[in-house]
Asker: 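One structure, as structure tokens, below. Some questions next.
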Amino acid sequence: MGAAGIAERGIRIAIDRGGTFTDCVGNPGTGKMEDDVVIKLLSVDPANYDDAPLEGIRRLLSKFTGKEISRGEPLDTSQIESIRMGTTVATNALLERKGEDIVMVVTKGFKDCLEIGNQSRPDIFALDIRKPEVLYKKVVEIDERVTVEDYAEDPERTQTDAQSIGKAGDNVELVKGTSGETVRILQRPSEDQIRKQLQEVYDGGLRSIAVCLMHGYTYPKHEAVVGKIAKEIGFEHVSLSHELMPMIKLVPRGTSACADAYLTPAIRKYIDGFSRGFEGGLGTKSVRQEKGSKGARCEFMQSDGGLVDVDIFSGLKAILSGPAGGVVGYALTSYDPETKIPVIGFDMGGTSTDVSRYGAGRYDHVFETTTAGVTIQSPQLDINTVAAGGGSRLFWRNGLFVVGPESASAHPGPACYRKGGPLTITDANLFLGRLLPDFFPKIFGKNEDEGLDAEASEKLFKELAEQINKEVAGGNKEKEMSLDDIANGFIKIANETMTRPIRSLTEARGHDTSKHRLATFGGAGGQHAVAIAEALGISQILVHRYSSVLSAYGMALADVVDERQEPESKVWSDDKGTREYLQNKMNDLKAKSTATLKEQGFDEDQMHFEEYLNLRYRGTESALMVIKPTTEEAKKEYGGDEWAFDKAFIKQHEQEFGFTLPDRDIIVDDVRARGIGKTFEGLEKTVDQQLKEIKPKDIQRGEKVYATRKVFFEGGRQDTAIYKLEDLEVGDRIKGPAIIADGTQTIVVTPGASALLINTHVVINIGESENMDKQIDTKEVDPILLSIFAHRFMAIAEQMGRALQKTSVSTNVKERLDYSCALFDADGGLVANAPHLPVHLGSMSTCVRKQSAIWKGKLKKGDVLVSNHPMFGGTHLPDITVITPAFSSDKIIFYVASRAHHADIGGILPGSMPPASRELFQEGAQIKSEKLVSEGSFNEKRISELLYDEPAQYPGCSGTRCLSDNINDLKAQVASNQKGINLISTLMSDYGEEVVKFYMINIQANAESSVRSLLKDVYKRFEGQDLSAEEFMDDGSPIRLKVTIDPEKGEAVFDFTGTGPEVYGNINAPEAVTYSAIIYCLRCLISEDIPLNQGCLKPIHVLIPKKSFLSPSDNAAVVGGNVLTSQRVTDVVLKAFRACAASQGDTNNLTFGFGGQTEDGKAQKGFGYYETIAGGSGAGPTWEGTSGVHTHMTNTRITDSEVFERRYPVLLREFGLRTGSKGLGMHNGGEGVVRDIEFRIPVQVSILSERRVYHPYGMNGGGEAACGLNIWVRKVDKKNIDKNSDTQQPDENGTAKTSGAVERLEEKQIEIADKNEEVEYRYINLGAKNTASMRPGERIIIYTPGGGGWGKEGEESKAVKKDDPKAAWRGGSVTSRQQTAEASA
């Protein structure tokens, strides 16, 4: 296991310092598993020791040397070969915000870039938006600027040539960046000015600095200048973004640089203290020192699953240090390179449950993850926290069993930990007999010498049972649930909660969960593994003998790794020149890695490399990190070509996304080399080799039994044999029910399953399901089943979404995830919908119900309907809904539907979202009600007519501009619907058709009762007053609402009488949009996670006057209704309920581009771009508003500033907060933003916005916020200027609420136009909705509205700090996917 020749053989120690326990695995130098010594101790125990890892090493050395070493005595390293550690120091510093105080240095105009982030909010239903705090104490803006000269969307594919950075002189304007892109230098920084700025910060006491400048990933020179000056001044730690991770994207690279500057000093402080505990020091340098006691190798685990020398361990790569060890542990002990069966890792500890996957003999890495609210751009193992582990708290809420996400954490811990903690999953397992106090460490109680307290768990279960039975049984003893049933119900819900994201992890990458093994580890994993495996269709579970200390064991097995990466922009080509260029770049990276690994003591024969290219199709953003094919793969699949990266990419793309784009260029985004110093030579025998050789021996009843207990399984308590792991021999096979335990783990073997002992693992084979066939009553609702079905229905909608994403081709669906999938009962009532896009919530069921009525009695099996018309439940035309009925014999028993945003469906402008539309036909194809599929036959001819031919018949209109994408996406929607039908059919075969239908109805009844309770509470709060509100659109159109509540029934009438008439413009909103706004507001007001379905609207009666702009005629334009009016309806509803001050009430839709059809009907190549822009959110009774964030009905992300300039011919002058735009009050509203874009070529620019006339209101005495403003900075030829014309800046009519917007316009002019040009700039107010042709050098500056204030200014704040229960969760690909889905609204 040791790296021969690096150090003389001796004691090897591996340690994982976790949140609760520190695990230590030591070996005296034999490398044999039987000689290992395992120690588990509390991570924090100040009464006994200062540092847990040091204490663990002291105990291990005492054991191996046979002499007691006293505490505090420096440890002799002469007999230690290596110490390997994983630590939570970085994660804890991040979570508790206890890192180093830092300054961030950024390009002028971008000081708020990290505060705005990607502008989406973390929880779409939270009115009190809580964005994570930024890590820096101060920001310094440097007056420097570069941009990328060419743009990716250029139809002419222009490529400007220039000399490389090294060869170009100091004064050239164009240079070739490290990515191969040509960079234009617009403003060189002044070293004197930088020195002055940084000295001021240094004098203020800050000593750690993070530097991230625009396009620093490809042009690092300016960052290097800042870094040099910072070091000269005396800054102790300098993090330069291009050195840490030279990848495009300003915001993730900036947060990464800040995280590194924030965490590395904390880590160095810890390591220095730790090292002082040794005689002779630690690390490669100390090993080389010959004088005195020789040091020991010491390596820390990094987030990417590789070890690194203690001297170069940094904060950025330390975030997943502990969990990464577990992944390495199960990967190297559970995967067999011969059988190649992939493994899902299930790590369930006391405070978190993490899942990951290992297949094809290599780790899955992700390059952008979020932990503790900080987005990190660095290679990390794809580890996803899916629950709060054994500490997940148990609740009874709104008639449902709820598990987590809140955690009891390590302190006070579960109720049974004797610290007065709450009821948790650990308590449920203990109560049911699945956790054995005899085998649990006795570390509880006042003197930390007592075991688990089963009585405390039982007491709390009795209290909870009383509450549940009061609601469920209402005094009827026969209907009461037993304590066993309740505890088991929570276990089942916990398993459902964990199963959904595991499916997402595997299916989203094109893998079938049932073809995996489940490797379970962590203290609580063994109690849930069988149920999780059953739910996923997995037939075999592997539990390593060291499963409860597998992270530490993984450290012992891991290799040392050095990662290198450089950006690139080459188009892949098989020609010799391109290959040689990329090979040379790869070889340079490998040479740097080789040098670093040699410094750490490795010889070249101990090194090997993984070589990667990060590839994507042109026009897409889904890059895939593709590994160089092995010699074997190359021979078998690529004709012996080991550099067939393009073919490997196409194969991987087909597997993950279900299609390829043969006519598109393949772009190389990054070149990456992973240098590996091998220290692990492989296990003696793999699991599969052991299973092949073993002769199982069934343990007879009563044989080797340690004890017998009554343990609860499905159907009741059963006599269950308990076995001590150390009493069992290799080859023993135990049939369930049984429990196998030792001092650190408890493995539950359910009835029907069996456990086989092999040398390294306990292998559990799943037999018959634990779920017994029993008749399920459909007369009374079982709250456990109701909770299970709530999860199952949502899981089906999510799986439909993954199927849709996998088989679609458009960027909107595949990358932005702009779609919703849903299931409906036989009447078209919404049962479950995912993801939760607010504007789709109420509208999809309107669509399904209308179609159901139109086609009543005419549909057959295999028929599929399609519609997008606003009068038929549509929102706006690009959102096309596909509906499939499901039959039982000849009767429809439910519907499934998918709605996807199609990039273009014709009309007057590309993108089908014209800001100046007046009639519906101008917005594209109109489909009222058509059969897309007839008895299984896809009607391509008819759908092509509807999308391509019919829209083109109108004046000035075109048919769809991407018909093949439309058809492919529609086929993907049909396939997604079929997936939903198949999944519900499986559910029906498991539970019975009547049971599933029964719970489809009752899950709606559950949501209905939550809304009724809310309405009764509101009536009491306002003492029966009618609630009313009025708001005006910018054109003066009123939205009036009166809400009348019936307190007895908990029902309400939402009456919009008095709302303005239909508008000859596009702010008309279909009725379905108002329903969606109401359902969204009700969910926000309930402020708890309830099922979102038709039940929410059952107690609501909505009155909308016909032919008003909230119920327009068939031909009315509606594109602004979907994106703008929906926001204003939300304002009105929340105002009526007096819930909070107004947010920006706007989405600030900006589009620009050129091309499309010319007047003579010819197609001109071009591009189109669309974005929505954040503003301020409104303050509330217990919260301050949030700045620079999307609110209410939208949550779309903004394109990263660097990507924006790389893809489009623009220069982003400023993107920051709009100081002074918030409403003031006891709680202030949030600030709007300023977005200043200069165009570098002629383009057509359109803005579609609101709140440019009427201010966002304050509430409860709070001040109103500033309106928005759209300015066109127009170049005017001086020769044509009227001598009397006023070219001064407009004065906004003396309104106080301008936030200095116009005053700052003049400052921001940086002349980039030709100095000889005789031009001057005019500032023209574009109004709320307008289109203009802009010339090169002209700009649009958008000032978005702020949020209103709450309460009178000067009153004492009542703001409440709310902790995010998921703050510590590790966000890998599952979290990223969920966030992307919720940001597609």
Side-chain angles (χ1 to χ4, degrees), residues 330 333-336 338-348 355 357-359 434 495 498-499 502 506 512-522 524-547 550 683 685-701 703-705 711 713-715 718 720-725 727-742 745-773 990:
Y330 86 76
T333 58
S334 304
Y335 181 80
D336 186 325
E338 291 298 313
T339 60
K340 293 186 170 62
I341 300 169
V343 189
I344 291 169
F346 177 67
D347 175 5
M348 187 171 179
V355 296
R357 180 185 177 278
Y358 186 80
R434 296 176 172 208
N495 294 338
M498 293 185 285
T499 303
I502 296 174
T506 48
D512 180 348
T513 47
S514 65
K515 292 188 167 61
H516 291 66
R517 282 174 166 149
L518 188 71
T520 181
F521 54 107
Q527 293 130 58
H528 294 260
V530 174
I532 295 288
E534 278 183 351
L536 295 169
I538 292 172
S539 58
Q540 196 168 62
I541 300 164
L542 305 178
V543 189
H544 196 273
R545 284 175 182 264
Y546 287 164
S547 77
L550 199 61
L683 301 165
K685 283 183 180 169
T686 66
V687 168
D688 287 296
Q689 287 165 340
Q690 292 178 66
L691 287 172
K692 207 180 279 184
E693 294 168 11
I694 213 155
K695 292 187 170 55
K697 178 169 74 71
D698 287 323
I699 295 290
Q700 300 307 308
R701 194 182 172 91
E703 190 185 345
K704 298 187 182 179
V705 172
V711 180
F713 293 100
E714 202 64 39
Q718 298 184 37
T720 303
I722 315 293
Y723 299 90
K724 284 174 89 168
L725 189 55
D727 294 345
L728 300 172
E729 296 164 41
V730 171
D732 285 353
R733 183 163 58 197
I734 296 162
K735 291 192 173 155
I739 290 177
I740 303 168
D742 65 9
Q745 61 183 325
T746 305
I747 303 164
V748 175
V749 186
T750 59
S754 65
L756 172 66
L757 261 80
I758 61 174
N759 196 39
T760 53
H761 291 75
V762 177
V763 180
I764 301 175
N765 291 301
I766 310 286
E768 294 300 310
S769 170
E770 192 195 334
N771 296 323
M772 295 178 155
D773 290 332
D990 288 349

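The chain is numbered in sequence order, starting from 1. In what follows, every heavy atom counts, from backbone to side chain, and hydrogens, waters and symmetry copies are set aside. Bear in mind the structure is a predicted one, so any value in this text is a computation, not a measurement.
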Asker: To the nearest 0.5 Å, how far apart are CD in Glu693 and CD1 in Ile758?
Answerer: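 Between atom CD of Glu693 and atom CD1 of Ile758 there are 10.5 Å.
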Asker: Is the shortest distance from a Lys or Arg side-chain nitrogen in Asp727 or Lys704 to a carboxylate oxygen in the other one below 4.0 Å?
Answerer: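 Between Lys704 and Asp727 there is no salt bridge, as every charged N stays at least 4.0 Å from the carboxylate O atoms.
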Asker: Take Val343 and Tyr330 through the test side chain to side chain contact (heavy atoms under 4.5 Å, CB included) and record every step on the way to the result.
Answerer: CA-CA 8 Å; Val343 189; Tyr330 86 76; 3.8 Å; yes
Asker: Check the side chains of Gln540 and Asn765 for a donor-acceptor pair under 3.5 angstrom, ignoring hydrogens and angles.
Answerer: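 There is such a pair between these side chains.
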Asker: Check whether the side chains of Ser514 and Asp512 place a donor and an acceptor atom closer than 3.5 Å, and report yes or no.
Answerer: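 Asp512 and Ser514 do have a side-chain donor-acceptor pair below 3.5 Å.
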Asker: Could you tell me if Thr686 and Glu338 have a donor-acceptor pair between their side chains, going purely by distance under 3.5 Å?
Answerer: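 Thr686 and Glu338 do not have a side-chain donor-acceptor pair below 3.5 Å.
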Asker: Let's go through Ile541 and Arg517 carefully: what are the C-alpha distance in whole Å and the side-chain angles of both, what is the deciding distance for side chain to side chain contact (heavy atoms under 4.5 Å, CB included) to 0.1 Å, and is it a yes or a no?
Answerer: CA-CA 6 Å; Ile541 300 164; Arg517 282 174 166 149; over 6 Å; no
Asker: Which heavy atom of Ala533 sits nearest a heavy atom of Ile766, and at what distance?
Answerer: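 Heavy-atom minimum between the residues: CB-CD1, 4.1 Å.
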Asker: Does a salt bridge link Asp336 with Lys685, judged by any charged N lying under 4.0 Å from a carboxylate O?
Answerer: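 Looking at Lys685 together with Asp336, the answer is no, because their closest N to O distance does not fall below 4.0 Å.
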Asker: How far does CD1 of Ile699 sit from CD of Glu729, to the nearest 0.5 angstrom?
Answerer: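 Here the rounded value is 7.5 Å.
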Asker: To check you understand the geometry: which heavy-atom pair defines the closest contact between Gly731 and Leu756, and what is its length?
Answerer: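 Looking at all heavy atoms of both residues, the shortest contact is O-CD1, 3.6 Å.
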Asker: When you measure from the side chain of Gln745 to the backbone of Gly522, do you find a donor-acceptor pair of N or O atoms at a distance under 3.5 Å?
Answerer: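 Checked: no pair found.
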Asker: Decide if the gap between the ring center of Phe346 and the ring center of Phe521 is smaller than 6.0 angstrom.
Answerer: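 Phe346 vs Phe521: aromatic centres not under 6.0 Å.
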Asker: Once salt bridge (charged side-chain N to carboxylate O under 4.0 Å, His left out) is applied, do any residues pair with Arg545, and if so which ones, sequence neighbours excluded?
Answerer: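 Scan of Arg545 (salt bridge (charged side-chain N to carboxylate O under 4.0 Å, His left out), adjacent residues dropped) gives none.
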Asker: Verify side chain to side chain contact (heavy atoms under 4.5 Å, CB included) between Leu542 and Leu518, making sure each step is shown before the conclusion.
Answerer: CA-CA 6 Å; Leu542 305 178; Leu518 188 71; over 6 Å; no
Asker: Donor-acceptor pair, distance only, cut-off 3.5 Å: does the side chain of His544 make one with the backbone of Tyr546?
Answerer: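 Checking the backbone N and O of Tyr546 against the side chain of His544, a donor-acceptor pair under 3.5 Å is found.
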Asker: State the CE-CE distance between Met498 and Met348, to the nearest 0.5 angstrom.
Answerer: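 CE of Met348 is found 4.0 Å from CE of Met498.
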Asker: Has Thr499 got a side-chain atom pairing as donor or acceptor with Ala535's backbone, closer than 3.5 angstrom?
Answerer: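 The answer is no, because no donor-acceptor pair under 3.5 Å joins these two groups.
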Asker: Salt bridge or not between Lys724 and Asp742? Use side-chain N to carboxylate O under 4.0 Å.
Answerer: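 No, Lys724 and Asp742 are not salt-bridged.
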Asker: Over all heavy atoms of both residues, which pair between Val749 and Ile734 is shortest? Give the atoms and the distance, please.
Answerer: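 In this case the closest contact between Val749 and Ile734 is CG1-O, 4.5 Å.
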Asker: Quick one: are Leu728 and Ile740 in side-chain contact, heavy atoms under 4.5 Å?
Answerer: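 Contact flag for Leu728/Ile740 side chains = yes.
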Asker: My understanding is that only one of Leu757, Thr746, Val543, Ile747 makes a side chain to side chain contact (heavy atoms under 4.5 Å, CB included) with Leu725; could you say which?
Answerer: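 The single option meeting the side chain to side chain contact (heavy atoms under 4.5 Å, CB included) with Leu725 is Leu757.
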Asker: Do side-chain atoms of Glu534 reach the backbone of Ala531 as a donor and acceptor pair under 3.5 angstrom?
Answerer: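 No; zero donor-acceptor contacts below 3.5 Å.
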Asker: For Arg434 and Val748, which heavy atoms make the closest approach, and how far apart are they?
Answerer: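 For Arg434 versus Val748, the nearest heavy atoms are O-CG2, 3.8 Å.
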Asker: Report the distance from atom OG1 of Thr513 to atom CG of Leu536, rounding to the nearest 0.5 Å.
Answerer: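 The distance works out to 5.0 Å.
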Asker: Give the minimum heavy-atom separation between Tyr335 and Ile341, together with the two atoms involved.
Answerer: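 Looking at all heavy atoms of both residues, the closest pair is CD1-O, 3.4 Å.
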Asker: Could you measure the distance from the CG atom of Leu550 to the OG1 atom of Thr333? Nearest 0.5 Å is fine.
Answerer: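 Going from CG on Leu550 over to OG1 on Thr333, the span is 5.5 Å.
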Asker: Out of curiosity, Lys340 NZ to Asp688 CG, how far, rounded to the nearest 0.5 Å?
Answerer: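 The NZ atom of Lys340 sits 11.5 Å away from the CG atom of Asp688.
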Asker: So which heavy atom on Val530 is nearest to which on Thr750, and how close?
Answerer: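 Heavy-atom minimum between the residues: CG1-OG1, 3.2 Å.
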